[in-house]
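Count residues from 1 along the sequence.
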Amino acid sequence: MEKFEIKYDNTLSEIETGYRLFQRKYMFKRNLIFSIVYAIAAGVGVDFLVHSLSNMAGYILLVIGLGMIFSTWARPYYARKKLIKTLSSFGEEKYSAVFSDSRITVDTEVLPEEETETVAITSQGVMTVGEDVDIPEENIIKHEKTKIELRSNTLDSMETEELFLLFLNRSLIYIFPKRCLDGEQIEKIRGYFEDKNI
C-alpha cells in the first residue's frame, strides 16, 4: 500500500466524543457486570431489612451496593470531564500522521517559535531551560514521534460520521477528524484500516 500523510488538529468537542466512544467500547460491558453484582448486594440488603429493620448488615449492603453502582457510572463521566479540563489549559496543537505499510507514525508539529525550547529534568522537576544552561544529555527530554506498529493485535478502529478513531491497547486513543481531510484522504484511511484489518 502506498504511504500517505495527513495533517490535523483536535477540538475539545472531538476529543470528548472520541473518549466517550472509547469508554463505551471498552468499559460499558464491565461496568454493566459490576452494576449487576452491586445490585444483587443491594437486593440482599433490602431482603435483610424486610425481615428485620434493625439488621445492620442489611443497611451496610444496601448503602454499599447503591454507592458502588453510582460510582461505577459516575467515574467515567468525571474522568472525561477532568481530561477535557486539563486539555483546555493547553494551547492548540497540530499533528501529522504518516500511514505506511508496517506502521502509523504520529507526530506533534513543532511551531517555529518552539523549536529552540529545551525541556529537561532538573532538581526542581521537568522544566524549560535556556540554551546557556549546561545540562547532561541524559536529562534532556527529546521530542519523540509516536510509532504505532501494525504487527500489534491490540489495534482497533472505529469510524463515525465525523471521526476516525484508532484504539491502541485499550488504553490509548488517536482521533483523526474528517473535517481536516479531503475526500481522497478519507477514502485512503478507510481503505487502510480495512486493508490492515484494524
Side-chain angles (χ1 to χ4, degrees), residues 1-35 72-117 119 141-198:
M1 176 171 261
E2 178 188 339
K3 182 162 117 172
F4 64 94
E5 179 180 13
I6 63 168
K7 294 185 180 295
Y8 64 98
D9 58 52
N10 293 127
T11 65
L12 291 177
S13 161
E14 289 164 345
I15 293 169
E16 185 169 14
T17 299
Y19 194 55
R20 182 183 293 115
L21 291 168
F22 172 77
Q23 288 177 323
R24 186 179 305 156
K25 183 172 181 68
Y26 292 112
M27 297 174 72
F28 181 78
K29 189 185 288 185
R30 181 183 65 94
N31 286 354
L32 189 60
I33 291 168
F34 278 122
S35 294
T72 297
W73 294 102
R75 257 193 323 253
Y77 171 80
Y78 287 113
R80 197 167 60 245
K81 291 302 174 194
K82 184 177 180 183
L83 172 71
I84 297 304
K85 183 177 179 186
T86 302
L87 291 176
S88 67
S89 66
F90 297 164
E92 181 182 318
E93 291 187 318
K94 296 191 179 297
Y95 307 95
S96 65
V98 176
F99 294 77
S100 66
D101 200 44
S102 61
R103 70 169 57 108
I104 301 169
T105 305
V106 179
D107 191 18
T108 303
E109 292 192 356
V110 180
L111 300 173
E113 64 269 14
E114 295 173 350
E115 284 179 356
T116 56
E117 180 178 71
V119 181
I141 299 172
K142 303 220 183 275
H143 172 74
E144 297 287 344
K145 296 180 180 182
T146 303
K147 293 180 177 142
I148 304 165
E149 299 294 334
L150 298 181
R151 292 187 303 272
S152 169
N153 60 359
T154 57
L155 291 176
D156 198 5
S157 68
M158 176 187 291
E159 181 181 356
T160 71
E161 197 173 309
E162 299 172 343
L163 307 169
F164 284 106
L165 305 168
L166 180 64
F167 304 118
L168 177 62
N169 295 330
R170 296 186 172 209
S171 60
L172 285 174
I173 180 174
Y174 292 92
I175 302 169
F176 307 115
K178 291 181 180 178
R179 67 176 168 75
C180 298
L181 310 172
D182 60 34
E184 184 182 348
Q185 290 173 318
I186 289 172
E187 287 305 317
K188 279 185 175 179
I189 294 177
R190 185 179 292 131
Y192 185 89
F193 287 157
E194 286 173 7
D195 181 61
K196 302 298 181 185
N197 207 17
I198 298 174

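- Here the CG-OH distance, from Asn10 to Tyr174, works out to 11.5 Å after rounding to the nearest 0.5 Å.
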Please determine whether salt bridge (charged side-chain N to carboxylate O under 4.0 Å, His left out) holds for the pair Arg179 and Asp9, giving the CA-CA distance in whole Å, both sets of side-chain angles, and the decisive distance to 0.1 Å.
CA-CA 10 Å; Arg179 67 176 168 75; Asp9 58 52; 2.4 Å; yes
What verdict does the side chain to side chain contact (heavy atoms under 4.5 Å, CB included) test give for Leu155 and Leu168, after you've listed the backbone C-alpha separation in whole Å, the side-chain angles of each residue and the deciding distance to 0.1 Å?
CA-CA 5 Å; Leu155 291 176; Leu168 177 62; 3.2 Å; yes
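- Within 6.0 Å of the OH atom in Tyr26, the count of heavy atoms belonging to other residues, nucleotides or ligands exceeds 12.
- Cation-pi check for Lys178 over Phe176 is not met; the charged atom does not lie both under 6.0 angstrom from the ring centroid and within 45 degrees of its normal.
- Note that the OG1 atom of Thr105 and the CZ atom of Phe99 stand 10.0 Å from one another [nearest 0.5 Å].
- Summarising the geometry of Thr17 relative to Leu163, their closest heavy-atom pair is CG2-CD1, 4.0 Å, with the distance given to 0.1 Å.
- For Ile175 against Gly18, the heavy-atom pair with the smallest separation is CD1-CA, 4.1 Å.
- The number of heavy atoms from other shown groups lying within 6.0 Å of CD (Glu5) is above 12.
- No donor-acceptor distance shorter than 3.5 angstrom exists from the side chain of Lys188 to the backbone of Gly183, with no hydrogens or angles considered.
- Separation of atoms OG (Ser157) and CZ (Arg190) is listed at 11.0 Å; rounding is to 0.5 Å.
- Between Lys3 and Ser100, the closest heavy-atom pair is CD-CB, 3.8 Å.
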Applying side chain to side chain donor-acceptor pair (under 3.5 Å) to Tyr95 and Glu93, what does each step give before you reach the verdict?
CA-CA 7 Å; Tyr95 307 95; Glu93 291 187 318; 3.0 Å; yes
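- For the atom pair Gln23 CD and Arg75 CZ, the distance stands at 11.0 Å (nearest 0.5 Å).
- Put simply, the side chain of Leu166 does not reach to within 4.5 Å of the side chain of Ile173, judged on heavy atoms.
- Taking every heavy atom of both residues into account, Pro76 and Met27 meet most closely at CG-CE, 3.9 Å.
- Note: Phe34 and Trp73 fail the aromatic proximity criterion, with ring centroids not under 6.0 Å apart.
- Residue Phe164 holds its CZ atom at 6.0 Å from CD1 of Ile186, rounded to the nearest 0.5 Å.
- Ile104 has its side chain out of reach of Val98: every pair of non-hydrogen atoms, C-beta onward, lies at least 4.5 Å apart.
- Here the side chains of Ile189 and Glu159 are not in contact, with every heavy-atom distance at 4.5 Å or above.
- Surrounding CG of Asp182 are more than 12 heavy atoms belonging to other residues, nucleotides or ligands, all under 6.0 Å away.
- Salt-bridge check for Glu16 with Arg20: passed, with a basic side-chain N closer than 4.0 Å to an acidic carboxylate O.
- Taking all atoms of both residues into account, the shortest heavy-atom contact from Tyr8 to Ser96 is CE2-C, 4.2 Å.
- Atoms NZ and CG, from Lys25 and Asp156 in turn, are 4.0 Å apart once rounded to the nearest 0.5 Å.
- For the pair Arg103 and Tyr192, the tightest heavy-atom approach, listed with the atom from each and the gap, is O-OH, 3.5 Å.
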